[in-house]
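Before any comments, here is the structure.
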Amino acid sequence: MSVEVRNITKKFGAYPALYDVSLKVGTGELVALLGPSGSGKTTLLRVIAGLEFPDTAEGRVLFHGEDVTDMPAHKRRAGFAFQHYALFRHLDVFENVAFGLRVRSRRTRPREAEIREHVERLLKLVQLESFAKRFPSQLSGGQRQRVSLARALAIEPQVLLLDEPFGALDAKVRKELRQWLRKLHEEIHVTTLFVTHDQEEALEVADRVAILREGRIEQIGTPDEIYDHPATPFVYDFLGNVNLFAGRAREGAVIIGEIKIPAPGMTGGPETPAAAFVRPHDIHVTRERSGTATLAARVRHSHAAGALAHLELERLDNGEPFTVQLSKEQFRQLRPRLGERVYVELRNVRVFPEGS
């Protein structure tokens, strides 16, 4: 079941949540809606679900080519799971999952034996078959979220919509559940959109990621595409740690301090201000100047806890701070000392005109 939204604009009073947003999601695809708070991602999900409606006649929502824009939520067969589970505290796990089937009209409600078989199959799918008689208060946060997902799947939705599904969980459980969600999706192949503000979560789980900013889609693509080829400075900065170096673009290169670095995509012409972005792991550090294209810096701080070592440096020419990530082996070989001079080579530099 494919999903398409066209020209969606939505305001809440004077507050504009979405501006003319269009998006296509293919059948069986898992797409993350990623962005900071207030970017419009949850509003877009609610419009798709039928919990909100576009403000203008141009705004359309289509399920597999069928226009469902004016269709109420209960007729769209979209399963919805929330961040805070929204489970019924007075019902056990089995009855929470069965709820959507039991409240159907008599004409469309499955027989009791069919409900029981369907719910048991779902509980096995989410690895909770032995918890059927427990109540939500007797479950961990991760278990409650899996019950919430099973309940959303019980109605056999055409589309599964997840709003910050792991946002209320601690980091370890979040990581376990997003791996579980990826595996689950590979088994059931239901078209899925999920909202998150966690970049790592989106890049790990989704087939494609749509990055929203101030009610607009800034970029959409596979995790590799948006991470390796960000379309705007916002996308580059939002997806993980990054250092920003002010520079000047001239003749297909960027000049930072006294060094000149090739900048693909920057055309010739008069010199203009530019912003050069470099990820911390793309900076090579040495004790000796390795060439003309190196900047002198001073070590301000270092720490090697965890899988990677981190250096905090400052440029000697203007005092601007920046960070570097090193492998443990590189860190042991360098053995940086507080206050010493080092030299850095900037690699995989991405340049954008100032103000873009």
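These figures come from a predicted structure and were not determined experimentally.
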Q: Salt-bridge test for Asp55 and Lys10: reply yes if a basic N is under 4.0 Å from a carboxylate O, no otherwise.
A: yes
Q. To the nearest 0.5 Å, what is the distance between CG (Leu311) and CD (Gln330)?
A. 10.0 Å
Q. Under 4.5 Å between side-chain heavy atoms, hopping through other hydrophobics if needed: is there a path connecting Leu51 to Leu212?
A. yes
Q. Should Arg146 and Leu177 be marked as a side-chain contact (heavy atoms from CB on, under 4.5 Å) after you check the CA-CA gap, both sets of side-chain angles, and the distance that decides it?
A. CA-CA 8 Å; Arg146 281 188 278 154; Leu177 276 187; 3.9 Å; yes
(Q) Does any part of the side chain of Glu258, heavy atoms only, come nearer than 4.5 Å to the side chain of Asp317, both counted from C-beta? (A) no
(Q) Let's go through Val349 and Phe245 carefully: what are the C-alpha distance in whole Å and the side-chain angles of both, what is the deciding distance for side-chain contact (heavy atoms from CB on, under 4.5 Å) to 0.1 Å, and is it a yes or a no? (A) CA-CA 10 Å; Val349 179; Phe245 294 89; over 6 Å; no
(Q) Would you say that more than 12 heavy atoms from the other residues, nucleotides or ligands in this model lie under 6.0 Å from the CD of Glu117, or not? (A) no
Q: Compare every heavy atom of His118 with every heavy atom of Leu153, then report the nearest pair and how far apart it is.
A: O-NE2, 4.3 Å
Q: For a salt bridge (charged side-chain N to carboxylate O under 4.0 Å, His left out) with Arg298, tell me which candidate from Glu314, Glu312, Glu320, Glu340 qualifies.
A: Glu314
Q) Can you tell me how far CG of Leu149 sits from CH2 of Trp180, rounded to the nearest 0.5 angstrom? A) 4.5 Å
Q.
Taking Leu33's backbone N and O only, do any of them form a donor-acceptor pair with Lys41's side chain (distance below 3.5 Å, no angle check)?
A. no
Q | Nearest heavy-atom neighbours spanning Ala210 and Leu23 | A | CB-CD1, 4.5 Å
Q) Is a side-chain donor or acceptor of Arg287 paired with a backbone partner of Leu334 at a separation under 3.5 angstrom? A) yes
Q | Point-to-point distance, once rounded to the nearest 0.5 Å, from OG1 of Thr196 to CG of Leu162 | A | 10.5 Å
Q: Specify the closest pair of heavy atoms between Ala276 and Val254, including all atoms of both residues, with the distance to one decimal.
A: CB-CG2, 4.5 Å
Q. Do the side chains of Val147 and Phe135 join up, straight or via other hydrophobic residues, at under 4.5 Å, putting them in one cluster?
A. no
Q | Path from Leu123 to Leu125 over hydrophobic side-chain contacts below 4.5 Å | A | yes
Q: Can you measure from CZ (Phe194) to CG (Leu34) and round to the nearest 0.5 angstrom?
A: 8.5 Å
Q: May I ask you to decide whether Glu186 forms a salt bridge with Lys183, counting only side-chain N to carboxylate O separations under 4.0 Å?
A: no
Q) With no hydrogens and no angle check, is any side-chain donor or acceptor of Thr191 less than 3.5 Å from a backbone partner on Gly28? A) yes
Q. More than 12 heavy atoms of other residues, nucleotides or ligands under 6.0 Å from CD of Glu187: is that the case?
A. yes
**Q.** Hydrophobic cluster membership, Val97 vs Phe131, 4.5 Å side-chain cutoff
**A.** yes
Q.
Under a 3.5 Å distance rule, please check whether Asp207 uses its side chain to pair with a backbone N or O of Val31 as donor and acceptor.
A. no
Q) Has Asp228 got more than 12 heavy atoms of other residues, nucleotides or ligands less than 6.0 Å from its CG? A) yes
Q: Answer whether the closest heavy-atom distance between the side chains of Glu66 and Met71 falls below 4.5 Å.
A: yes
Q: Check the side chains of Thr69 and Asp67 for a donor-acceptor pair under 3.5 angstrom, ignoring hydrogens and angles.
A: yes
Q | Side chain to side chain, Thr43 and Ile8, heavy atoms closer than 4.5 Å | A | no
**Q.** Steps toward side-chain contact (heavy atoms from CB on, under 4.5 Å) verdict (Thr9, Leu18)
**A.** CA-CA 5 Å; Thr9 294; Leu18 295 170; 5.8 Å; no
Q) How about His310 and Thr323: do any of their side-chain heavy atoms sit closer than 4.5 Å? A) no
Q | Mutual orientation of the aromatic rings belonging to Phe234 and Phe238 [parallel < 30°, tilted 30-60°, perpendicular > 60°] | A | parallel
Q) Can Glu112 and Arg102 be counted as an ion pair, charged N to O under 4.0 angstrom? A) yes
Q.
Give me the atom names and distance for the closest heavy-atom approach of Tyr227 to Arg279.
A. OH-CD, 3.1 Å
Q. Do Ile220 and Val209 have side chains that get closer than 4.5 Å, going by heavy atoms?
A. no
Q. Passes side-chain contact (heavy atoms from CB on, under 4.5 Å), Arg104 versus Ile155? Steps please.
A. CA-CA 10 Å; Arg104 286 183 178 176; Ile155 63 169; 4.1 Å; yes
Q.
Quick check: do Phe322 and Pro280 have side-chain heavy atoms less than 4.5 Å from each other?
A. no
**Q.** From CD1 (Ile255) to NZ (Lys260), nearest 0.5 Å
**A.** 6.0 Å
(Q) Between Glu200 and Lys175, does any side-chain N to carboxylate O distance fall below 4.0 Å? (A) yes
Q | Glu120/Lys124 under salt bridge (Lys or Arg N to Asp or Glu O under 4.0 Å): CA gap, chis, key distance, verdict | A | CA-CA 6 Å; Glu120 288 174 350; Lys124 185 175 182 180; over 6 Å; no
**Q.** Val190 to Leu160 - nearest heavy-atom pair and separation
**A.** CG1-CB, 4.1 Å
Q) Is it the case that one hydrophobic cluster holds both Ile211 and Tyr19, taking links as side-chain heavy atoms less than 4.5 Å apart, direct or via other members? A) no
Q | Donor-acceptor under 3.5 Å (Gln219 side chain, Ala231 main chain) | A | yes
**Q.** Minimum-distance pair of heavy atoms, taken over all atoms of Pro136 and Arg89
**A.** CD-O, 3.9 Å
Q: Determine, for Phe277 and Arg350, whether the Lys NZ or Arg CZ falls below 6.0 Å from the six-membered ring centre while staying within 45 degrees of the axis.
A: no
Q. Under 3.5 Å, side chain of Lys133 to main-chain N/O of Phe94, donor-acceptor pair present?
A. no
Q) Salt bridge or not for Arg182 and Glu204, using N-O below 4.0 Å? A) no
Q | Any side-chain heavy-atom pair of Ile48 and Phe63 under 4.5 Å | A | yes
Q: May I ask you to test the His281-Leu308 pair for a side-chain heavy-atom distance under 4.5 Å?
A: no
**Q.** His64 side chain to Ser2 backbone, donor-acceptor under 3.5 Å
**A.** yes
Q | Point-to-point distance, once rounded to the nearest 0.5 Å, from CD of Glu52 to CZ of Arg46 | A | 4.5 Å
